Amino acid sequence: MNSFALHKNKVKSFNKYLLEINKSINISFEFFPPVNQKMEDMFWISINKLNTLSPNFISITYNNKIGKNNRTHSIVKKLKNHKKINNIAPHLTCINFNREELLNIAHNYWNQGIRHIVALRGDQNEHSINSKMYACDLVSLLKEVGNFEISVAAYPESHINSKNAYQDLIYLKRKIDCGANRAITQFFFDTDIYLRFRDECAAIGINVDIVPGILPILNFQQLCKFANFTKVHIPKWIYSSFEKLEKEPKIEKIISANIAIEMIKILSKEGVKNFHFYTLNRSEITYAICRIINFQSY
């Protein structure tokens, strides 16, 4: 067989593989509430673009600083009135709220027709007023209000405040035992870390979907700072890929898309069927990734 025929067969095989991925996995997206008009304009452009890919749900983050959280309620209400956007999943934290306030928020969401919530404890700081309540308690509270679909957070490389990885797994199991339907992981870039974590979850009886959180790299230098804070491991080959590319954003986007695509290919081969994208309110790279792995608008 000549080199042209070999290349043709490889292309056919690759296209067949992408088609198989398209038939077997689902996507969801995370956004944060915009803080000014310029950001809101970009928010709606990105939402409308990514919504054409028919995601399982779109989640909206929650700022647990006092006085900031009303932005989530406001944007969720606008999204709920959007005729083409269906499953909206607002984040809800229990830091800075008492039980009655949380019940009131949950009832309001239920009455608005919201049926999916991402339940989190929230980042604790010196101003936190409800430090004794945890995400598992919030899950139980939500289930008292209605049969919410509930997603919770998972940390393949452990939460920064956890004493050890096993303690982190126990906390996750408590959230699942209280009624959570799935766990969405913090972003990661080493697929082996995720796969080991998934095995560890199964070993202690966590039997819900562990959805990998995919973070397309929009700015590598900012990512390094964030990864250092969250203790997320960045493989050396990724550092090498972005080396000396600070003034070449177009090349960075191409590299970023390829990293995410490779991760999805590896994880889909290991049976992963759902992927959650941290969009940072930008659509370009995430949309390109989804199109490249052959998602189609419908």
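By convention here, the first residue in the shown sequence is residue 1. Keep in mind the model is a prediction, meaning the values are calculated, not measured.
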K.L.:
Answer yes or no: is there an ion pair linking Glu40 with Lys78, defined by an N-O contact shorter than 4.0 Å?
P.N.:
yes
K.L.:
Where the side chain of Ser256 meets the backbone of Glu252, is there a donor-acceptor pair that is under 3.5 Å apart?
P.N.:
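No: the side chain of Ser256 does not pair with the backbone of Glu252.
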K.L.:
What are the two closest non-hydrogen atoms of Met39 and Val35, and how far apart are they?
P.N.:
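Heavy atoms only, the tightest pair is SD-CG2, 3.3 Å.
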K.L.:
Please check if any side-chain donor atom of His73 sits under 3.5 Å from a side-chain acceptor atom of Tyr62, or the reverse.
P.N.:
yes
K.L.:
Are Ile60 and Val118 grouped together when hydrophobic residues (ILVMFWY) are joined by side-chain heavy atoms under 4.5 angstrom apart?
P.N.:
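Not linked; separate clusters.
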K.L.:
Measure across Phe275 and Ser268 and return the closest heavy-atom pair with its distance rounded to 0.1 Å.
P.N.:
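Nearest pair, atom of Phe275 first, then Ser268: CZ-N, 4.2 Å.
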K.L.:
Examine distances only and state if a side-chain atom of Asn181 and a backbone atom of Ile150 form a donor-acceptor pair shorter than 3.5 Å.
P.N.:
yes
K.L.:
Could you please spell out the steps behind the side chain to side chain contact (heavy atoms under 4.5 Å, CB included) verdict for Phe197 and Leu172?
P.N.:
CA-CA 12 Å; Phe197 177 72; Leu172 177 57; 3.9 Å; yes
K.L.:
Search all heavy atoms of Pro90 against all heavy atoms of Val76 and return the closest pair with its distance.
P.N.:
CB-CG2, 3.7 Å
K.L.:
When you compare the side chain of Ile95 with that of Phe97, does any pair of heavy atoms fall below 4.5 Å?
P.N.:
no
K.L.:
Is there a donor in the side chain of Asn108 and an acceptor in the side chain of Gln112, or the other way round, less than 3.5 Å apart?
P.N.:
no
K.L.:
Report the relative orientation of the aromatic rings in His159 and Tyr155; use parallel for angles under 30°, tilted for 30 to 60°, perpendicular for over 60°.
P.N.:
perpendicular
K.L.:
In terms of heavy-atom contacts, does NZ of Lys143 have more than 12 from other residues, nucleotides or ligands at under 6.0 Å?
P.N.:
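It does: Lys143 NZ has more than 12 such atoms within range.
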K.L.:
Give me the atom names and distance for the closest heavy-atom approach of Leu218 to Thr279.
P.N.:
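For Leu218 versus Thr279, the nearest heavy atoms are CD1-O, 4.1 Å.
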K.L.:
Can the ring centroids of Phe220 and Tyr239 be said to lie less than 6.0 angstrom from one another?
P.N.:
yes
K.L.:
Please round to the nearest 0.5 Å and tell me the distance separating atom CD1 of Ile292 and atom NZ of Lys265.
P.N.:
10.5 Å
K.L.:
Please determine whether side chain to side chain contact (heavy atoms under 4.5 Å, CB included) holds for the pair Phe32 and Thr72, giving the CA-CA distance in whole Å, both sets of side-chain angles, and the decisive distance to 0.1 Å.
P.N.:
CA-CA 8 Å; Phe32 60 84; Thr72 299; over 6 Å; no
K.L.:
Check whether Leu102 and Val152 end up in the same hydrophobic cluster, where Ile, Leu, Val, Met, Phe, Trp and Tyr are linked by side-chain heavy atoms less than 4.5 Å apart.
P.N.:
yes
K.L.:
Measuring from Ile289:CD1 to Lys253:NZ, what's the distance to the nearest 0.5 Å?
P.N.:
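NZ of Lys253 is found 12.0 Å from CD1 of Ile289.
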K.L.:
Are the side chain of Glu101 and the backbone of Asn98 linked by a donor-acceptor contact shorter than 3.5 Å?
P.N.:
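Side chain of Glu101 to backbone of Asn98: a pair is present.
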K.L.:
Between Thr52 (side chain only) and Lys49 (backbone N and O only), is there a donor and an acceptor less than 3.5 Å apart?
P.N.:
yes
K.L.:
Using the rule side-chain hydrogen bond (donor to acceptor under 3.5 Å, both in side chains), only one of His276, Lys175, Arg182 pairs with Ser151; which is it?
P.N.:
Arg182
K.L.:
Could you check if a side-chain atom of Trp110 sits within less than 4.5 angstrom of a side-chain atom of Ile117, using non-hydrogen atoms only?
P.N.:
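Sidechains of Ile117 and Trp110: no contact.
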K.L.:
Hey, does Ile259 have a side-chain heavy atom less than 4.5 Å from the side chain of Trp237?
P.N.:
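Contact flag for Trp237/Ile259 side chains = yes.
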K.L.:
Quick one: does Ser162's side chain have a donor or acceptor within less than 3.5 Å of a partner on Asn164's backbone?
P.N.:
no
K.L.:
May I ask you to test the Leu267-Leu195 pair for a side-chain heavy-atom distance under 4.5 Å?
P.N.:
yes
K.L.:
Any donor-acceptor pair under 3.5 Å linking the side chain of Asn48 with the backbone of Trp44?
P.N.:
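Between the backbone of Trp44 and the side chain of Asn48 there is a qualifying donor-acceptor contact (under 3.5 Å).
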K.L.:
Is the shortest heavy-atom distance from the side chain of Ile217 to the side chain of Ile285 under 4.5 Å?
P.N.:
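No, every pair of side-chain atoms sits at 4.5 Å or beyond.
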K.L.:
Looking at Met263 and Phe188, what are the two nearest heavy atoms and their distance?
P.N.:
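Minimum heavy-atom contact is CE-O, 3.1 Å.
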K.L.:
I'd like to know if Ile45 and Ile58 are part of one continuous hydrophobic network [Ile/Leu/Val/Met/Phe/Trp/Tyr, side-chain heavy atoms within less than 4.5 Å].
P.N.:
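No, Ile58 does not connect to Ile45 through the hydrophobic network.
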K.L.:
Is any side-chain heavy atom of Ile88 closer than 4.5 Å to one of Lys80?
P.N.:
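Yes, close enough: below the 4.5 Å cut-off.
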K.L.:
Can Phe43 and Ile75 be said to form a side chain to side chain contact (heavy atoms under 4.5 Å, CB included), step by step?
P.N.:
CA-CA 10 Å; Phe43 171 88; Ile75 206 70; 3.6 Å; yes
K.L.:
Do Gln167 side-chain atoms and Lys163 backbone N/O form a donor-acceptor pair below 3.5 Å?
P.N.:
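Checking the backbone N and O of Lys163 against the side chain of Gln167, a donor-acceptor pair under 3.5 Å is found.
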K.L.:
So, do Tyr109 and Leu142 sit near enough that their side-chain heavy atoms are less than 4.5 Å apart?
P.N.:
no
K.L.:
Going from OG on Ser59 to NE2 on His91, what distance comes out if it is rounded to the nearest 0.5 angstrom?
P.N.:
3.5 Å
K.L.:
Lys173 and Ile204: which non-hydrogen atoms are nearest, and at how many Å?
P.N.:
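Residues Lys173 and Ile204, closest heavy atoms: CE-O, 2.8 Å.
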K.L.:
Mind telling me whether Phe187 and Tyr278 have parallel, tilted or perpendicular rings, with 30° and 60° as the class edges?
P.N.:
perpendicular
K.L.:
Would you tell me whether His82 and Asn51 have side-chain atoms, one donor and one acceptor, within less than 3.5 Å of each other?
P.N.:
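Side chains of His82 and Asn51: no pair found under 3.5 Å.
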K.L.:
Do Leu245 and Ile254 belong together in a cluster built from hydrophobic side chains that touch within less than 4.5 Å?
P.N.:
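As far as the 4.5 Å side-chain criterion goes, Ile254 and Leu245 are not connected within one cluster.
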K.L.:
In terms of hydrophobic clusters joined by side-chain contacts under 4.5 Å, are Met42 and Leu53 together?
P.N.:
no
K.L.:
Would you give the length of the straight line joining atom NE2 of His233 to atom CD1 of Ile238, rounded to the nearest 0.5 angstrom?
P.N.:
8.0 Å
K.L.:
Just wondering, more than 12 heavy atoms not from Arg115 lying within 6.0 Å of its CZ?
P.N.:
yes
K.L.:
Going from CG on Asp192 to CD on Glu270, what distance comes out if it is rounded to the nearest 0.5 angstrom?
P.N.:
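Reported to 0.5 Å precision, the distance equals 9.0 Å.
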K.L.:
Do Leu50 and Pro55 come close enough that some side-chain heavy atom pair is under 4.5 Å?
P.N.:
no
K.L.:
Does Glu243 come within less than 4.0 Å of Lys236, counting only side-chain N to carboxylate O?
P.N.:
no
K.L.:
Could you walk me through whether Val139 and Arg174 satisfy the side chain to side chain contact (heavy atoms under 4.5 Å, CB included) test, starting with their C-alpha distance in whole Å, then the side-chain angles of each, then the deciding distance to 0.1 Å, before giving a yes or no?
P.N.:
CA-CA 10 Å; Val139 172; Arg174 287 177 185 170; over 6 Å; no
K.L.:
Just by distance, do the side chain of Asp137 and the backbone of Met133 share a donor-acceptor pair under 3.5 Å?
P.N.:
no
K.L.:
Distance check, rounded to the nearest 0.5 Å: Thr286 atom OG1 versus Ile214 atom CD1?
P.N.:
10.0 Å
K.L.:
Among Val272, Asn274, Thr185, which residue meets the side-chain contact (heavy atoms from CB on, under 4.5 Å) test with Ile210?
P.N.:
Thr185
K.L.:
So if I apply the side-chain contact (heavy atoms from CB on, under 4.5 Å) rule between Phe277 and each of Ser283, Pro212, Ser28, Pro216, which one comes out positive?
P.N.:
Pro216
